[in-house]
Amino acid sequence: MERTHARSGHLPVMYRQVLDGLRVHGNGAYLDGTFGRGGHARGVLDQLDAGGRLLVMDKDPEAIAVAEREFGGDARVSIYRGSFAELGHWDATAAGLDGVLLDLGVSSPQLDVAERGFSFGKDGPLDMRMDPDSGQSAAQWLASATEKEIADVLWTYGEERQSRKIARTIVARRDAQPLLRTAQLADLIASVMPRGEQKIHPATRSFQAIRIFINRELADLEVGLDAALARLKPGGRLAVISFHSLEDRIVKQFIARHSKAPPANRRMPVEVAFTPTLLAIDGAQKADEAELAANPRARSAVLRVAEKLAEQPGIENRGSGIGKGHAASGRSFSAHSLSRFPIPDSRFPATPTGGAR
């Protein structure tokens, strides 16, 4: 059964499935791009020999403080504060990786601390930044965004059907009473769309949407997946845990794009050669009943695992991303150029969250 870390009380989601999926071997090099409180990272480290390497990343300074306190003295461990979208720029990954783990979304410690502003269930400052030292807070963005910009974010990232109505109400009320607290925003949304028979709180989708936008989560995911594929060694494994359909759709399509030939086009006179660079492992995995009983937050988790295949010289893969071409040329990549979703520095006016420290 999944282990709970005694000091943090954090229960890693799908712990055993993740470690099985990564297929850790003692002398391998593994990257946990979302350290959180280190539940999965500890499991990897337990299986490494003296020659193994564990690289950990996180935007959150509190997560990095935990990593430095608990792992800073271990010669096998390297620590980087920043988004996993930057993993291709971290010199420690240049030698190649045998596994990459991305546990997406907000972590349990972030949700449980009211001061971080992620949860409408706990009143706190309306912040929502995973890196509180960088970029705009949710309150700052809501104070200046136009009605259309707010509605677009709620619809694009939260699939909120009442996005226009909620945005109109936010703009109408914010001058008289600035939105500075999570409870204020949750109450405003609830007043626009009463709960009725819904099982979830009316603010659920809006809070998700604003958080994803403020933290550039989908844009970072697209860039991070491409960077992970470029850094993985042949035989290396990619494991990604998603918690909502927008994330999972990106991961699913990424794996399919690199593992399956695109549909034939009857208008093309010559079929374009396709060589897969990934092999999907076991499809979409969900937490079992025993885990759900112990950790209800695992109910929406979906794990997807893929293995990087050996390159075949002289054959180009008809896929997208930074892949072989960008890695070989040394050119940098950006969320703006790769993202298929609107991100803060393009359609919507929000300050990018910046880099590592």
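Predicted model only: the values in this text are computed from it and were never measured. Values below: every heavy atom of this structure, side chains too, minus hydrogens, waters and symmetry copies.
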Going hydrophobic residue to hydrophobic residue with side-chain gaps under 4.5 angstrom, can you get from [X] over to [Y]?
X    : Y    : result
V302 : V251 : no
L279 : V24  : yes
I170 : W155 : no
I210 : L180 : no

- Aromatic plane relationship, W90 with Y80 - under 30° parallel, 30 to 60° tilted, over 60° perpendicular: tilted
For [Y], is there any backbone N or O sitting under 3.5 Å from a side-chain donor or acceptor partner on [X]?
X    : Y    : value
K308 : L232 : yes
R76  : G52  : no
T156 : D152 : yes
Q184 : P178 : yes
R237 : G99  : no
T146 : E149 : yes
H40  : L102 : no
S191 : L188 : yes
R174 : L142 : yes
N215 : M128 : yes

- Message: D133 vs R81, test: salt bridge (Lys or Arg N to Asp or Glu O under 4.0 Å). Steps then yes/no.
- Response: CA-CA 12 Å; D133 298 328; R81 179 179 170 186; 3.0 Å; yes
Nearest-0.5 Å distance that lies between atom [atom1] in [X] and atom [atom2] in [Y]:
X    : Y    : atom1 : atom2 : value
E289 : E291 : CD    : CD    : 10.5 Å
T182 : D123 : OG1   : CG    : 4.5 Å
Q17  : L22  : CD    : CG    : 12.0 Å
I214 : M130 : CD1   : CE    : 11.5 Å
E217 : E247 : CD    : CD    : 6.5 Å
M193 : S206 : CE    : OG    : 7.0 Å

Check whether any side-chain heavy atom of [X] sits under 4.5 Å from a side-chain heavy atom of [Y], and report yes or no.
X    : Y    : value
R129 : Q136 : no
R42  : E70  : yes
D131 : P61  : yes
L278 : L309 : no
D248 : F243 : no
R205 : Q162 : no
D103 : F35  : no
L238 : F254 : yes

- Atom CG of D49: over 12 foreign heavy atoms under 6.0 Å: yes
- Item | Crowding at NZ, K286 (>12 non-hydrogen neighbours, <6.0 Å) | yes
- Message: Check this for me, if you would: do K59 and D220 make a salt bridge, where the nitrogen-to-carboxylate-oxygen distance has to be below 4.0 angstrom?
- Response: yes
- Ion pair D98/R23, N-O distance below 4.0 Å: no
For [X] against [Y], the heavy-atom pair lying closest together:
X    : Y    : answer
L104 : S242 : CD1-OG, 3.8 Å
L303 : A239 : CD1-CB, 4.1 Å
S163 : A151 : CB-O, 3.5 Å
R37  : V66  : CD-CG2, 3.9 Å
G43  : Y15  : CA-OH, 3.3 Å
I150 : A167 : CG2-CB, 3.7 Å

- Task: Apply side chain to side chain contact (heavy atoms under 4.5 Å, CB included) to T93 and D91, showing your working.
- Result: CA-CA 5 Å; T93 69; D91 290 343; over 6 Å; no
- Message: Checking S137 against D127: is there a side-chain donor and acceptor pair closer than 3.5 Å?
- Response: no
- Query: If you look only at pairs with a residue in residues 160-172, which of them pass as a salt bridge (Lys or Arg N to Asp or Glu O under 4.0 Å), with sequence neighbours excluded?
  - Reply: none
- In sequence, state the C-alpha distance, the side-chain angles, and the governing distance for V56 and L31, and then conclude on side chain to side chain contact (heavy atoms under 4.5 Å, CB included). CA-CA 6 Å; V56 299; L31 183 141; over 6 Å; no
- Task: Start with the C-alpha distance between I212 and H244, add both sets of side-chain angles, then the distance that settles side chain to side chain contact (heavy atoms under 4.5 Å, CB included), and finish with yes or no.
- Result: CA-CA 11 Å; I212 289 173; H244 59 75; 3.2 Å; yes
- Item | Option passing side-chain contact (heavy atoms from CB on, under 4.5 Å) with L55 (candidates V77, I79, L87, L97) | L97
- Message: Please determine whether side chain to side chain contact (heavy atoms under 4.5 Å, CB included) holds for the pair E68 and I64, giving the CA-CA distance in whole Å, both sets of side-chain angles, and the decisive distance to 0.1 Å.
- Response: CA-CA 6 Å; E68 290 176 341; I64 292 299; 3.7 Å; yes
